[in-house]
Amino acid sequence: MAQKPAIPKGTRDFTPIEMAKRNFIFDTIKSVFLKYGYQPIETPAMENLSTLMGKYGEEGDKLLFKILNSGDFLAKADEQMLVEKNSVKTTLQISEKGLRYDLTVPFARFVVQHQNEITFPFKRYQIQPVWRADRPQKGRYREFYQCDVDVVGSNSLINEVELIQIVDDVYKALNINVLVKINNRKILSGIAEIIGQAEKIVDITVAIDKLDKIGIDKVNEELLQKDIPQEAVDKLQPIINLSGTNQQKLDTLKTVLQKSAVGLKGVEEIETVLNYLQTLNVSTAVELDLTLARGLNYYTGAIFEVKALDVQIGSITGGGRYDDLTGVFGLRDVSGVGISFGADRIYDVMNQLELYPKESIVSTRLLFVNFGEREALYSLQALQKIRQAGINAELYPDAAKMAKQMNYANKKEIAFVAMTGENEMNQGKITLKNMKSGEQQLITVEEMINIIA
RNA sequence: GUGAUUGUAGCUCAGUAGGUUAGAGCGCCUGAUUGUGGUUCAGGAGGUCGCCGGUUCGAACCCGGUCUUUCACCCCA
């Protein structure tokens, strides 16, 4: 019985046309990464759960796809836990592997594991899919590609600057208008410190991160709900509502944060980065946004986020500095900074705006019509030369009806069709037809290569 | 995980006061046109109406469950 084919929730198939578009994105991003001296690595789709668990918070643990152990895994599981139906504890007994949730944690693992083979500062990029057992919705998938660039083993702010240059380069190449938002965890810490709520920094940042979405009143409500005193919430107001140019914001912050050493350090860092960018004439708008917090709690310095200006979708790139990511794997004091391009969201943005250059989606340039065995052989010989000349070309595999073969060319948007019948073979030539204009000419292979190359 | 929402031909969608053989457009196949396509014309194939169960003499339509789609919350690329 035929079953209805389907793919898991939140995953997608990609047709050849869609792949051409996606590859255009990946190729563009990759070439920019390479230009800045980053080298590729790959890590396995699955990691040990011990590597993954506890790195993304409690919520993250739930969103990990776990892989069932092989063999008779139930026989080895603790009976008591099965009886209790305690999913969390039982999971650890029947599953020891999981699909990666992002590329940063596997990268940290990689750095620690290969610390003696790699040279620091280590600049790597990684373009691979990640999986999250989230409920899918707009711009959110259960399988999606991240394109990460990170540099570890360097504290220099030049790295932060470079990452923004990369963002600038990538989105210019893709023709997407974006706004880069930056913030600094140290400023957020300073603010929490000033209002006497240093230990509540996570709650505070999570709440003000929503300012854009839910408005100031709801943010304050949430803050109070998290047991932050009214007095502290009041003190927070002028900071959240900070406006003006980046410089004006920084000036205000310097005054507000003058009693917080961390806070001032953060301000100084941002200022340095912004100054670099100005000198380098980076034209993408970069805005200091104090409400930018980003969930990941391992960021310790700069925080970045990139939003597409012409399409309403979540952030399409995000990242920041993390001072001690490798610490959990036993390698201390290695600072890293990186960003991640969300390829699938970029793909959605490009699709909505139809930003693909025409030449990015061509495949075959020339099709040989198949008239029969002898003719096919003649065509194949010509094809060798044509392919050597770097032209994508193919022969229709069956001696099907002409209409069918021409239709095939139409569907694949093949620009030229070559016909080699009795006539052509006798003269050692080929009839070349331009599918757009309909014009035909009887020429040699060499002439043909010149025309269509 | 919570709350909504969707599901009819390959695709986009019609269709019900519950009543025999479920429709359209596009696409596909065949022919007009046995070396000339994208146009036209003629014909044809293709559906257990997401799945399971219930109500009913009778269900694509009503009810329940389940899966799926889309969206919001949480969280996030």
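What you see below is based on every heavy atom in this structure, not just the backbone, and it leaves out hydrogens, waters and symmetry mates.
Looking only at atom types and distance, the side chain of A:Q93 has no donor-acceptor partner in the side chain of A:T90 under 3.5 Å away. Between the side chains of A:R12 and A:Y141, at least one donor N or O sits under 3.5 Å from an acceptor N or O. With 3.5 Å as the limit, one finds no donor-acceptor pair spanning the side chains of A:N351 and A:E18. In summary, the side chains of A:Y101 and A:D61 do not present any donor paired with an acceptor at a separation below 3.5 Å, with no hydrogens or angles considered.
Comparing B:G15 with B:G53, their C1' atoms are spaced 25 Å from each other, to the whole Å. To the nearest whole angstrom, the two P atoms, one in B:G25 and one in B:C51, are 25 Å apart. Comparing B:C49 with B:G7, their C1' atoms are spaced 10 Å from each other, to the whole Å. The P atoms of B:C29 and B:G23 are separated by 24 Å, rounded to the nearest whole Å. As rounded to the nearest Å, B:G10 and B:G27 have C1' atoms that lie 7 Å from one another. Across the C1' atoms, B:C74 and B:A14 are found 39 Å apart, a figure rounded to whole Å. Going from the P atom of B:C13 to that of B:A59 covers 28 Å, rounded to whole Å. Look at the P atom in both B:U8 and B:U2: the space between them is 26 Å, to the nearest Å.
Applying the side chain to side chain donor-acceptor pair (under 3.5 Å) rule to A:N370 yields no partners; only residues at least two apart in sequence or on another chain are considered. In this view, A:Y38 and A:E162 satisfy the side chain to side chain donor-acceptor pair (under 3.5 Å) rule, not counting sequence neighbours. Listed by chain and residue number, nothing satisfies the salt bridge (charged side-chain N to carboxylate O under 4.0 Å, His left out) test with A:D323 (two or more places apart in sequence, or in another chain). The side chain to side chain donor-acceptor pair (under 3.5 Å) search around A:T284 returns A:D168, not counting sequence neighbours. The side chain to side chain donor-acceptor pair (under 3.5 Å) check on A:Q126 picks up A:T43, A:R124, A:Q128, with sequence neighbours excluded.
Contacts classified as salt bridge (Lys or Arg N to Asp or Glu O under 4.0 Å) and involving residues 424-440 of chain A (residues at least two apart or in different chains) are not found. Residues in residues 406-433 of chain A take part in these ring-ring contact (aromatic ring centres under 6.0 Å, His included) pairs, two or more places apart or across chains: A:Y396-A:Y408. Applying the side-chain hydrogen bond (donor to acceptor under 3.5 Å, both in side chains) test to every pair with at least one member in residues 374-387 of chain A, sequence neighbours left out, gives these pairs: A:S379-A:T420.
Taking atom CD of A:E375 as the reference point, atom P of B:U36 lies 15 Å away to the nearest angstrom. Separating the NZ atom of A:K412 from the P atom of B:G38 is a distance of 19 Å, rounded to the nearest angstrom. Taking atom CG on A:L292 and atom P on B:A77, their separation rounds to 11 Å, with Å as the unit. The distance between atom CZ of A:F416 and atom P of B:G37, rounded to the nearest whole Å, is 19 Å. A:D203 has its CG atom 14 Å from the P atom of B:C74, to the nearest Å. Between the NZ atom of A:K62 and the P atom of B:C75 there is a distance of 11 Å, rounded to whole Å. Rounded to an integer number of Å, the gap from A:K181 NZ to B:A77 P is 15 Å. A:L63 has its CG atom 9 Å from the C1' atom of B:G1, to the nearest Å.
Of the residues in residues 14-47 of chain A, none has a non-hydrogen atom less than 4.0 angstrom from any atom of RNA chain B. Only A:M419, A:G421, A:E422, A:N423, A:E424, listed by number, bring a heavy atom of residues 419-432 of chain A to less than 4.0 angstrom from any atom of RNA chain B.
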Between A:S50 and A:N48, does a side chain to side chain donor-acceptor pair (under 3.5 Å) hold up when you go through it step by step? CA-CA 5 Å; A:S50 55; A:N48 294 328; 4.8 Å; no

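Considering only side-chain N and O atoms, A:K213 lies nowhere under 4.0 angstrom from the phosphate OP1 or OP2 of B:A72. Phosphate proximity of B:C75 to A:K210: present, with a side-chain N or O under 4.0 Å from OP1 or OP2.
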Collect all protein-nucleotide pairs involving nucleotides 67-70 of chain B in which both atoms are nitrogen or oxygen and the distance is under 3.5 Å.
| unit_1 | atom_1 | unit_2 | atom_2 | d |
| --- | --- | --- | --- | --- |
| B:U68 | OP2 | A:K9 | NZ | 3.4 |

If a protein heavy atom is under 4.0 Å from the base, mark B; if only from the sugar-phosphate, S; if neither, -; do that for nucleotides 28-34 of chain B going 5' to 3'. S--S---

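Among the heavy atoms of the strands lying under 4.0 Å from A:G139 is at least one base atom, whether or not backbone atoms are also near. When heavy atoms are screened at a 4.0 angstrom cut-off, A:K307 is found touching no nucleic acid atom at all. Looking at heavy-atom distances under 4.0 Å, A:Q440 makes contact with a base. Among the atoms of the strands shown, base atoms are found under 4.0 Å from some heavy atom of A:Y141.
The aromatic ring of A:F144 stacks onto the base of B:A77, its centre lying under 5.5 Å from the centre of the six-membered base ring with the two planes under 30° apart.
Under the 4.0 Å criterion applied to side-chain N and carboxylate O atoms, A:D134 and A:K9 are not assigned as salt-bridge partners. Using a cut-off of 4.0 Å between Lys/Arg side-chain N and Asp/Glu carboxylate O, A:E47 and A:K97 are scored as not salt-bridged.
Within the shown strands, nothing qualifies as a pairing partner of B:A17 under the Watson-Crick or G-U definition with both distances less than 3.5 Å. In this structure B:G25 sits in a base pair with B:C11, meeting the Watson-Crick or G-U test at under 3.5 Å. With a 3.5 Å ceiling on both atom-pair distances, B:G35 lacks any Watson-Crick or G-U wobble partner.
Aromatic ring centres of A:F33 and A:F341 lie closer together than 6.0 Å.
Closest-nucleotide positions on RNA chain B for A:T317 and A:E439 were compared, and the one nearer the 5' end corresponds to A:E439.
A:Y347 carries A:R22 over the face of its six-membered ring, with the cationic atom under 6.0 Å from the centre and within 45° of the normal.
Closest contact between the side chain of A:M402 and the listed nucleotides B:U36, B:C75, B:A77 involves B:U36.
Put simply, the side chain of A:N410 and the base of B:G37 share a donor and an acceptor less than 3.5 Å apart. For A:R132 against B:C75, a side-chain-to-base donor-acceptor contact under 3.5 Å is absent.
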